[in-house]
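Remember, it's a predicted structure, so these values are computed and weren't measured experimentally.
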Amino acid sequence: MATTLVPYSHAHHRHLAAEVSQVYHQAVQALAGGFYSAAQCHAWSRAPRSDKYWQLRLRHSTAWLALDSGGRCIGFVQVERQYGELGYISCLYVLPAWQRRGVAAQLITVVKQWAQQQAFPRLSTHASMQSKTVFERQGFRSHHRCYQEKSGQQLTSFLMYCPIVESTATSRT
């Protein structure tokens, strides 16, 4: 099955917010029993968030949607524009049935291309234990392990960076 990546546009894609919410929730819940416990996954995402929540969140960021041949959202990536550092990937989620098919890698690739056009020096993310490997395969390197508490559960992630634009000093040597 073919996938198409499209930049999120509130005017054209806000009707997909419910699908984005399902992608997020299902992807988190599928982690239970693997890297995270059921209690941790429940703390991370108790239930799908509202359409309005995702419409607002995606509207105030730069995002791409992965759509299947029927135009349904099967994955998405979100890059914050108002975070402390430009190029912070706050979300990368793919429906469980579409995982391990290269969708996440395609989404990261489009973000890297966009970041290069924006002349960002690097991208960053807090990768889950599940997504760490896909980020590493796309050139991200782990800086350090992080811990976040949600609803009394400790969730482990990794602060990761990926260089995009070489510094002037490096490119001259």
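Residue-environment remark: CD (Q116) stays at or below the threshold of 12 foreign heavy atoms within 6.0 Å.
Within the 4.5 Å cutoff, side-chain heavy atoms of K132 are placed close to those of S142. The shortest side-chain heavy-atom distance between W98 and P96 does not fall under the 4.5 Å cut-off. Between W54 and Y8 the shortest side-chain heavy-atom distance does not fall below 4.5 Å. Side-chain contact between R49 and R57: absent, with no pair of heavy atoms (C-beta onward) separated by less than 4.5 Å. The shortest side-chain heavy-atom distance between V94 and F76 does not fall under the 4.5 Å cut-off. Proximity of L92 to T125: side-chain heavy atoms (C-beta onward) are nowhere separated by under 4.5 Å. At least one side-chain heavy atom of V20 sits less than 4.5 Å from a side-chain heavy atom of L65.
Classified by interplanar angle (parallel below 30°, tilted 30° to 60°, perpendicular above 60°), the ring pair Y93/Y24 is perpendicular.
Note that SG of C91 and CD of E80 are 7.0 Å apart. Values are rounded to the nearest 0.5 Å. Annotation: the span from Q138 atom CD to L107 atom CG amounts to 10.0 Å, rounded to 0.5 Å. How far CD of E19 is from OG of S21: 10.5 Å, rounded to the nearest 0.5 Å. Interatomic distance, L95 CG to C73 SG, rounded to the nearest 0.5 Å: 7.0 Å. Taken from CD1 in I164 to OG in S124, the straight-line distance is 10.5 Å, to the nearest 0.5 Å. Distance CZ/R122 to CE/M160: 13.0 Å, rounded to 0.5 Å.
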Evaluate the criterion side chain to side chain contact (heavy atoms under 4.5 Å, CB included) for residue pair F135 and I108; output intermediate values, then yes/no.
-> CA-CA 8 Å; F135 278 106; I108 294 170; 3.7 Å; yes
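Every residue two or more places apart in sequence or in another chain was checked for a salt bridge (charged side-chain N to carboxylate O under 4.0 Å, His left out) with K112, and none qualifies. The ring-ring contact (aromatic ring centres under 6.0 Å, His included) test applied to W114 returns W64, F120, not counting sequence neighbours. Take R145 and apply the side chain to side chain contact (heavy atoms under 4.5 Å, CB included) test, not counting sequence neighbours, and it matches Y147, T156, F158. Take H15 and apply the side chain to side chain contact (heavy atoms under 4.5 Å, CB included) test, not counting sequence neighbours, and it matches no residue. With sequence neighbours excluded, the residues that form a ring-ring contact (aromatic ring centres under 6.0 Å, His included) with H143 are Y161.
Under the 4.5 Å side-chain contact rule for hydrophobic residues, V28 and Y53 share a cluster.
Checking side-chain atoms of Q55 against main-chain N and O of R14 turns up a donor-acceptor pair under 3.5 Å. Without hydrogens or angle criteria, Q26 side chain to V23 main chain gives no donor-acceptor distance under 3.5 Å. Of the possible polar contacts, none joining the S131 side chain to the A127 backbone as a donor-acceptor pair under 3.5 Å is found. S45 places no side-chain N or O within donor-acceptor distance of the main-chain N or O of C41, the cut-off being under 3.5 Å. Between the side chain of Q78 and the main chain of S61, no donor-acceptor pair closer than 3.5 Å is present.
The hydrophobic cluster analysis finds L56 isolated: no Ile, Leu, Val, Met, Phe, Trp or Tyr side chain comes under 4.5 Å of it, directly or through other members.
In the model, Q106 has a side-chain atom that pairs as donor or acceptor with a side-chain atom of T3 under 3.5 Å.
Shortest non-hydrogen contact noted between A105 and V134 is N-CG2, 4.1 Å.
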